[in-house]
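Just below is one structure, and these are the notes that go with it.
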Amino acid sequence: MYSLLNRFSLIDAATKSTELAINLNTSKPMRQQRIAVLGLGAMGTALALTLLKTGEQLMVWNRTAAKADELRNAGATALPSLAETLDAADVVLLCLVNNEAVHSILKPHRALLQHKMVINLTNGTPGQARQLAGWVQQQNSQYLDGGIMAIPPMIGTEHAFVLYSGDEAAFKASEPFLMHFGKARFMGADAGNAALYDISLLSTMYGMMGGFIHAAALLRRSAIQATAFLPLAKAWIAAMTPSLDLLATQIDSADYQSGVTSNLAMQAAGYENLVATARELNIDPILLLPMERLLQKSLEKGYHAADLSAVIESL
Ligand code: FVH
């Protein structure tokens with residue numbers, strides 16, 4: 001934190017505003033770093049409100065300016081333009097809808113992005129993160145990519161965690177404020193790592209959510225409420241979660257035959273009933289069909305006695 005504060009405050013002290021903080025290591029007065037949150041949708045607003053509550057000096061900007069009103073009332077500074085906001089900021093924290101939006105706002109202002117720390121919490125792909133990291137570094141700035149593993153109401157609670165990757169010095173320097181969002185986990189110097197883990201976790205989540213929504217569609221045919229099904233669904237998910245341990249071990253060793261209790265031939269036969277039931281009830285089996293195809297491909301490859309983990313060889 002000291003090096004970051006020192007760097008930005010000494011570079012900018014002569015020209016920028018001078019709200020002062022005391023550096024306990026040197027007893028020298030230093031300007032507090034100025035964080036700008038760009039993007040005030042549901043998530044950006046939750047992040048900004050959290051930073052305000054923890055006493056950070058905060059600037060906010062949003063394409064639709066009215067969304068800054070709540071934060072301005074809560075004590076944030078909303079400058080008239082993005083250019084002025086970037087110029088005044090030490091740390092630029094982005095939380096926009098997608099990578100395209102990030103590029104569309106940063107690229108026209110490259111001259112204002114010299115010697116900043118850019119923290120991008122916008123969801124994206126590993127490749128997008130690496131590409132933006134390279135571009136930000138060309139502007140002599142540090143880049144940290146982030147994957148938020150929380151929904152807006154979870155920000156600032158013990159249940160939230162955020163994955164970061166990229167410039168490790170930038171992570172260490174910003175950890176004192178990043179930790180207010182939720183547990184901050186550094187996933188390595190490859191800027192794409194946070195997105196890789198984020199997307200992997202979201203893939204796991206959508207598998208679970210999709211399965212639940214499909215089940216609810218089946219049950220609705222018998223006028224059974226999703227909420228009534230919930231206790232059973234949760235108990236089943238909890239009971240099956242430990243089986244991921246064996247699946248992971250089999251995948252890492254590429255030995256899909258060890259520890260098998262439910263072989264793939266049996267699972268493929270049973271899976272046909274999932275698809276048949278959907279059709280029987282006139283429910284589109286669209287969420288089920290990819291796994292049915294993978295099971296068939298695995299059987300064609302001879303994995304009859306293997307575990308479900310063997311389908312990874314067909315992906
Ligand atoms: N909300 C969630 O549950 C998830 C949790 C995990 C992380 N995600 C990611 O966070 C990013 C922002 O999500 P959000 O929930 O804040 O999204 P919205 O409320 O829809 O706000 C979108 C903001 O993006 C701005 N924006 C869109 N297009 C542009 C553009 N071309 N130029 C500048 N800004 C743009 C939009 O501005 P406006 O429409 O109000 O003018 C909002 O500020 C996202 O990556 C999630 O995947 C959230």
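One-based numbering, in listed order, for ligands and for the atoms of each.
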Donor-acceptor list for residues 300-309 side chains, cut-off 3.5 Å, not counting sequence neighbours:
residue, atom, partner, partner atom, Å
Lys301, NZ, Glu313, O, 2.9
Lys301, NZ, Ser314, OG, 3.3
Asp307, OD2, Gln250, NE2, 3.1
Ser309, OG, Gln250, OE1, 2.8

Common cluster, Met205/Tyr197, ILVMFWY with side-chain heavy-atom separation under 4.5 Å = yes
Could you name the protein residues that come within less than 4.0 Å of ligand 1, counting only heavy atoms, and order them by chain and residue number?
-> Gly39, Leu40, Gly41, Ala42, Met43, Gly44, Asn62, Arg63, Thr64, Lys67, Cys95, Leu96, Val97, Ala101, Ser104, Ile105, Thr122, Asn123, Ile148, Ala150, Ile151, Pro152
Listed once per pair and sorted, the salt bridge (charged side-chain N to carboxylate O under 4.0 Å, His left out) pairs that draw on residues 64-73, sequence neighbours left out | Asp69-Arg72
Pairwise side chain to side chain donor-acceptor pair (under 3.5 Å) hits with a residue in residues 176-194, at least two apart | Arg130-Asp190
Side-chain heavy-atom pair Asp87, Leu79 within 4.5 angstrom cut-off | no
Atom CZ of Arg221: over 12 foreign heavy atoms under 6.0 Å = yes
